[in-house]
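Every number for a ligand or one of its atoms is a count from 1 in the order of the listing.
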Amino acid sequence: MSAQMFASSTVARAAPVSKFGKKADGVSARKAIARAPMTNRRVQTSPKAAFTVYAAVTKLKTAIVTGASSGLGLYTTKSLIEKGDYHVVMACRSVEKAEREAKRLGFDKSKYTVMELELGSLENVRSFVKKFRGNGKLCKNLQTLICNAAIYYPNAVEPTFTQDGFEETVGVTHLGHFLLSNLLLRDLVAADDLGIDKRLCIVGSVTANTNTLAGQVPPRAAIGDMSGLANGLNGDRNKGAMIDGDRFIGPKAYKDAKLCNILTIKEMNRRWHEETGITFSTMYPGCIADTPLFRNHTPIFRFLFPLIQKYITKGYVTMEEAGNRLASVNSEPQYTKSGAYWAWKGGGDQLMDNYWDNSNRTEAFDNTPSKEAGDMQKAAKCFDLSVEVVGLK
Ligand code: LMG
Ligand code: NDP
Ligand code: PMR
């Protein structure tokens, strides 16, 4: 990929530069995708013969899931494996934990591969991509990248830092994924046509969306002029460790990172959807109030939070249900609208006027982003700054 790929002014909105553009044979990536044989859609006359041929030609689609060793990522992996036609790359910081969890949930060994991915190290992200490319079969069948991992320090008063010196919450949850998804875009485009479109999903959150009640709980997400990001997020508790350059606040760093996740998808969609055909999406899975994400909260919070979400807001969803939602967004035909921010009805997780409507909890809709999450000038600026900070330019 050339540096040109990322050269986009936040002011001038030129047509996307053609960077996936040419495959070895000079065919544009989009056309190459369109022309690839639809191997798993062949029609046969005899059912038995059809089955034999189907089994022989059907390839497992590869899905990469980051943070697949816990919570939402683990149950998304389970859901994809249960679909039958996926091989999941569990991209995890602890290979041992991921193997243990896969075994605990009884995953079919032929349906997953655990690979080490430490999102707090740019070098590790690059080496993950290299190793993934080294596995020709998995790489060739790449259908979706699911950026799910995150960390949350609700009570932190002092920032901690990634190996590259970025404030850790944003470093892992936004910047690590930003580098990963930019690098793997090329592989998504080049992968075989598996009879289904390619997807790239970064998990968002209601708490980043200030047009919801949950998003109004202080401290609210706000990335301001992004001066902290521009300076590399390496300040101290008083200045420069937050994206807005201001004083460090643990829970705000998480909500800011989730805001960047949403903005990244909106901007990737604007830049690349048309050219690559990839469906870019983000989503709010519901309030999975009992995952280890809240491990650093007080015990009283961890006790009350699931109860309140279950019985009062009704925003609670199980890890299983949330996993099905994220797996569906990456595999089902009803989620091919690129640039969408999916949320599910019910549970007080949407805009004010729908708050207590719990009559239909299964229907997903493209949620209206808050002013900041839908600000395309900010999306472009955040993207360009992130490109510089992770060294893509
Ligand atoms: C703070 O801690 C940290 O202090 C701060 O530094 C920062 O880290 C922040 O953003 C993170 O967290 C949280 C602290 C204060 O809470 C606790 O540690 C105590 C546990 C409180 C649990 C609150 C969970 C809230 C979940 C949703 C609430 C829904 C509200 C109801 C809907 C109303 C809509 C109009 O936490 C606070 O912010 C204050 C806590 C106040 C709790 C209010 C809850 C109201 C409901 C009370 C009913 C209780 C019944 C229990 C369950 C019933 C089951 C039958
Ligand atoms: P968990 O803490 O259960 O899972 C987070 C995953 O991220 C874990 O696998 C964790 O690894 C991994 N991870 C953390 N740090 C790193 C790192 N440096 N490098 C690589 N992987 C890392 O949380 P959830 O399942 O709840 O969260 C999943 C996603 O859902 C997040 O994006 C979160 O923002 C989002 N979300 C969650 C909500 C909820 O209510 N729980 C609500 C809205 C959104 P390890 O297993 O080693 O800890
Ligand atoms: Mg919230 C309908 C109201 C609603 C919903 C759906 C959530 C989801 N929360 C709601 C309301 C409230 N919360 C209210 C009124 C309060 C003040 C009492 C409140 C408090 C609260 C705290 C302290 N809520 C929290 C916290 C957290 O630490 C969680 C957080 O922000 O993590 C980043 C959280 C959440 N509330 C939610 C959801 C989904 C979360 C977890 C968000 C995430 O993981 O991205």
Side-chain angles (χ1 to χ4, degrees), residues 65-77 90-98 100-101 115-121 124-125 128 146-155 160 162-163 166 168-169 171-177 180 201-209 212-221 250-259 261-262 282-298 300-302 304-306 308-310 312-319 322-323 325-326 343-344 346-352 354-356 358:
V65 181
T66 71
S69 50
S70 173
L72 177 59
L74 181 62
Y75 281 85
T76 301
T77 303
M90 300 171 73
C92 299
R93 63 177 163 178
S94 165
V95 169
E96 196 195 347
K97 180 178 177 189
R100 199 170 59 233
E101 291 300 295
M115 287 180 68
E116 191 204 306
L117 173 65
E118 168 53 67
L119 288 160
S121 157
N124 189 287
V125 172
F128 169 86
I146 305 177
C147 296
N148 157 82
I151 42 166
Y152 177 37
Y153 294 128
N155 300 313
T160 47
T162 65
Q163 292 176 29
F166 310 133
E168 195 184 353
T169 318
V172 167
T173 313
H174 167 54
L175 292 172
H177 280 140
L180 180 70
C201 180
I202 309 180
V203 177
S205 172
V206 70
T207 53
N209 241 12
T212 62
L213 179 54
Q216 280 296 327
V217 174
R220 286 191 291 265
K252 182 172 182 295
Y254 171 87
K255 294 174 192 180
D256 289 353
K258 290 280 112 187
L259 179 56
N261 288 155
I262 297 172
T282 179
M283 53 91 78
Y284 165 59
C287 185
I288 333 162
D290 45 13
T291 72
L293 187 69
F294 308 103
R295 60 172 85 77
N296 298 310
H297 244 306
T298 54
I300 179 77
F301 179 90
R302 274 183 281 143
L304 285 181
F305 189 54
I308 293 172
Q309 296 291 356
K310 258 181 214 168
I312 301 180
T313 72
K314 306 231 175 18
Y316 175 81
V317 289
T318 60
M319 295 186 221
R325 288 177 173 183
L326 182 52
W344 281 258
D349 44 88
Q350 326 101 39
L351 303 177
M352 299 293 187
N354 291 322
Y355 251 84
W356 309 106
N358 278 293

Report yes if some N/O of [X] lies less than 3.5 Å from some N/O of ligand 3; otherwise report no.
X      : result
His297 : yes
Ser205 : yes
Tyr284 : no

Quick one: which ligand 3 atoms are inside 4.0 Å of a heavy atom on [X]?
X      : answer
Lys255 : 31 (O)
Phe294 : 32 (O), 41 (C), 44 (O)
Cys287 : 38 (C), 39 (C)

Checklist line | Cys92-ligand 2 polar pair, N/O distance under 3.5 Å | finding: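 No, Cys92 has no N/O under 3.5 Å of an N/O on ligand 2.
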Next item on the list: Would you check the N or O atoms of Gly73, main chain and side chain alike, for any that come under 3.5 Å of an N or O of ligand 2?
Entry: no
Please compare [options] and report which has the shortest non-hydrogen distance to [atom].
atom                    : options                       : answer
atom 47 (O) of ligand 2 : Gln309, Arg93, Lys255, Met90  : Arg93
atom 31 (C) of ligand 2 : Asn261, Asn148, Asn296, Thr76 : Asn148
atom 44 (O) of ligand 3 : Phe301, Tyr254, Tyr152        : Tyr254
atom 34 (C) of ligand 3 : Tyr316, Tyr153, Phe305        : Phe305

Any heavy atom of [X] closer to ligand 2 than 4.0 angstrom?
X      : value
Pro292 : yes
Glu168 : no
Ala91  : no
Tyr152 : no

Check: Of the backbone atoms (N, CA, C, O) and the side-chain heavy atoms from C-beta on, which set of Pro285 has a member under 4.0 Å from an atom of ligand 2: side chain, backbone, both, or neither?
Finding: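 Under 4.0 Å from ligand 2, Pro285 contributes side-chain atoms alone.
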Checklist line | Region of Leu117 engaging ligand 2 - heavy atom pairs below 4.0 Å | finding: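 The answer is the backbone.
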[X] heavy atoms, cut-off 4.0 Å: which ligand 2 atoms fall inside?
X      : value
Lys97  : 45 (P), 46 (O), 48 (O)
Ala149 : 7 (O), 12 (C), 13 (N), 21 (N), 22 (C), 32 (O)
Lys258 : 31 (C), 32 (O), 33 (C), 34 (O)
Ala150 : 5 (C), 7 (O), 14 (C), 31 (C), 32 (O), 33 (C), 34 (O)
Gly71  : 3 (O), 25 (O)
Glu118 : 17 (C), 18 (N), 19 (N)
Tyr284 : 42 (C), 43 (C)
Gly204 : 44 (C)

Notebook entry, point to check: Is the Tyr254 ring parallel, tilted or perpendicular to the Tyr152 ring (thresholds 30°, 60°)?
Noted result: tilted
With a 4.5 Å limit on heavy-atom distance, are the side chains of [X] and [Y] in contact?
X      : Y      : answer
Trp344 : Arg325 : yes
Leu117 : Arg93  : no
Asn261 : Cys147 : no
Met319 : Asp290 : yes
Leu74  : Met90  : yes
Leu72  : Thr291 : no

Please write down residue, atom name and distance for the protein heavy atom closest to [atom].
atom                    : value
atom 42 (C) of ligand 2 : Gly286 O, 3.6 Å
atom 24 (P) of ligand 2 : Thr291 OG1, 3.6 Å
atom 1 (P) of ligand 2  : Ser70 OG, 3.6 Å
atom 9 (O) of ligand 2  : Ser69 OG, 2.9 Å
atom 23 (O) of ligand 2 : Leu293 CB, 3.4 Å
atom 36 (N) of ligand 2 : Tyr254 OH, 3.9 Å
atom 25 (O) of ligand 2 : Leu72 N, 2.8 Å
atom 19 (N) of ligand 2 : Leu119 N, 2.9 Å

How far does [atom1] of [X] sit from [atom2] of [Y], to the nearest 0.5 angstrom?
X      : Y      : atom1 : atom2 : answer
Thr282 : Lys258 : OG1   : NZ    : 7.5 Å
Glu118 : Cys92  : CD    : SG    : 11.0 Å
Leu175 : His177 : CG    : NE2   : 11.0 Å
Glu101 : Thr77  : CD    : OG1   : 11.0 Å
Arg220 : Leu259 : CZ    : CG    : 13.0 Å
Met283 : Asn148 : CE    : CG    : 9.0 Å

Residue pair [X] / [Y]: nearest heavy atoms and the distance that separates them:
X      : Y      : value
Val217 : Lys255 : O-NZ, 3.1 Å
Pro285 : Val203 : CD-CG1, 4.2 Å
Gly71  : Pro292 : N-CD, 4.5 Å
Ser205 : Thr207 : OG-OG1, 2.8 Å
Ala257 : His174 : O-CB, 4.2 Å
Ala149 : Thr173 : O-CG2, 4.1 Å

Check: side-chain contact (heavy atoms from CB on, under 4.5 Å) between Leu326 and Cys201: does it pass, once the steps are laid out?
Finding: CA-CA 9 Å; Leu326 182 52; Cys201 180; 3.8 Å; yes
Item checked: Location of contacts on Leu293 toward ligand 3, heavy atoms closer than 4.0 Å ->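 Contact part for Leu293 vs ligand 3: side chain (C-beta onward).
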